[in-house]
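This is a predicted model, so every value here is computed, not measured. In listed order, ligands and their atoms are each counted from 1.
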Amino acid sequence: MKGKVILVTGGARGMGATHARLLVDEGARVVIGDLLEEEGELFAAQLGRSALYVRQDVTEPEDWGNAIASAESRFGVLDGLVNSAAIYSFAPIEQLSLEQWNKTLAVNLTGVFLGMQAALPAMRRAGGGSIVNISSAEGLRGSAGLNDYVASMFGVRGLTKSAALEAAASGVRVNSVHPGLVTGPTSKNQDGYRFPIPLGRAAHPQEVSHAVLFLLSDESSYLTGSEIVVDGGLTIGLPHKCLPPESIF
Ligand SMILES: NC(=O)c1ccc[n+]([C@@H]2O[C@H](COP(=O)([O-])OP(=O)(O)OC[C@H]3O[C@@H](n4cnc5c(N)ncnc54)[C@H](O)[C@@H]3O)[C@@H](O)[C@H]2O)c1
């Protein structure tokens, strides 16, 4: 990653911050785009001269223009984009307000569309690049109570593949990452959950970051339009311990 310049949205906290930290550790320079000004400034200062915080609302085209211009003026180029900003809400479909539906789609899906629209010209100027769109295991299956989130995550997955087709000729690769359950201070996934995860635990955020790192690096040079599922087997079926023994043998 040495010398590469990567914009990470939602990078002030959560998994976005974990990705940014690993990228800097691996020699990249990062632009952290996020709504959270205090956390973003503080985190960028912790990461040092290789990091820059930019206040950014991913639903605003102007903020995207500013974030990419900041990356190019501070670090010279833009080589990569990680679309990690997202929001969640929990409601059965009959109780989900139109306002919440529109809000979730605006951040989680329109934000990714606007990001790719703004970043592709910069990556062409850089001679190529890599875009990593963070979707979810919920972009691969249904999930009761997560209707707006699921729709947005399926959308990100499809948009990734269409963008990959369009961008391939200009040397830009576009892939999606699909985390399952991840531990973290904001995710409330630390304990108390009993999901049928074949590997028997939630992921550490760093385990997702390694997939992101791989997709941003030249080591994934032949991957585009792909999806990397980092879910401990959550979406592949029920583990043995969830099934009555007589149904297995
Ligand atoms: N945590 C999980 O278990 C999990 C599982 C699967 C997928 N994911 C995906 O991983 C990504 C990160 O999740 P997380 O749990 O770290 O989230 P998080 O809530 O901890 O962090 C999200 C970040 O996005 C920022 N953000 C929200 N709206 C924004 C906007 N309009 N513009 C700019 N920034 C905005 C927030 O300020 C925050 O810093 C998301 O795309 C999420 O869908 C998370």
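Val112 and Met153 fall into different hydrophobic clusters, defined by Ile, Leu, Val, Met, Phe, Trp and Tyr side-chain heavy atoms under 4.5 Å apart, directly or through other members. Linking Ile, Leu, Val, Met, Phe, Trp and Tyr whenever their side-chain heavy atoms come within less than 4.5 Å puts Leu98 and Leu109 in one cluster. Hydrophobic cluster membership differs between Leu216 and Val77, with clusters built from Ile, Leu, Val, Met, Phe, Trp and Tyr side chains linked at under 4.5 angstrom.
For the residue pair Ser209/His19, the side-chain donor-acceptor check at 3.5 Å is satisfied. For the residue pair Thr160 / Asn133, a side-chain donor-acceptor distance below 3.5 Å is found, with atom types taken as modelled. No donor-acceptor contact under 3.5 angstrom links the side chains of Thr104 and Asn108, judged on distance only. No side-chain donor-acceptor contact under 3.5 Å links Thr9 and Asp34.
Within ligand 1, the atoms closer than 4.0 Å to a non-hydrogen atom of Gln56 are 32 (N), 33 (C), numbered from 1 in the order shown. The contact set between ligand 1 and Gly14, taken as ligand atoms under 4.0 Å from a residue heavy atom, comprises 16 (O), 20 (O). For ligand 1, the atoms closer than 4.0 angstrom to any heavy atom of Ser135 are 7 (C), 9 (C). Of all atoms in ligand 1, listed by their number and element, those nearer than 4.0 Å to a heavy atom of Asp57 are 30 (C), 31 (N), 32 (N). The ligand atoms of ligand 1 that sit less than 4.0 angstrom from a heavy atom of Met153 are 43 (O). Residue Ile134 approaches ligand 1 through these ligand atoms, each under 4.0 Å from one of its heavy atoms: 9 (C), 10 (O), 11 (C), 41 (O). Interface of Ser84 with ligand 1, defined as ligand atoms under 4.0 Å from a residue heavy atom, comprises 11 (C), 12 (C), 40 (C), 41 (O). Interface of Tyr88 with ligand 1, defined as ligand atoms under 4.0 Å from a residue heavy atom, comprises 1 (N), 13 (O), 14 (P), 15 (O), 17 (O), 19 (O), 42 (C), 44 (C).
Between Arg49 and Phe75, the closest heavy-atom pair is O-CE2, 3.9 Å.
Taking only nitrogen or oxygen atoms, main chain and side chain alike, Val182 reaches within less than 3.5 Å of ligand 1. When only interatomic distances are considered, the shortest N/O to N/O separation between Gly16 and ligand 1 does not fall below 3.5 Å. Below 3.5 Å of separation, one finds an N or O of Val58 facing an N or O of ligand 1.
When the heavy-atom distances from atom 30 (C) of ligand 1 to Thr59, Asp34, Leu35, Asp63 are ranked, the shortest goes to Leu35. Of the listed residues (His19, Arg13, Met15), the one carrying the non-hydrogen atom nearest atom 16 (O) of ligand 1 is Met15.
The neighbour count for Lys161 NZ, taken as heavy atoms of other residues, nucleotides or ligands under 6.0 Å away, is above 12.
Side-chain atoms of Trp101 do not come within 3.5 Å of backbone N or O of Leu96 as any donor-acceptor pair.
The closest approach between Gly180 and ligand 1 falls below 4.0 Å for a heavy atom of the residue. Look at Ala203 and you'll find every heavy atom at least 4.0 Å from all atoms of ligand 1. Heavy atoms of Glu138 come nearer than 4.0 angstrom to ligand 1 in no pair at all.
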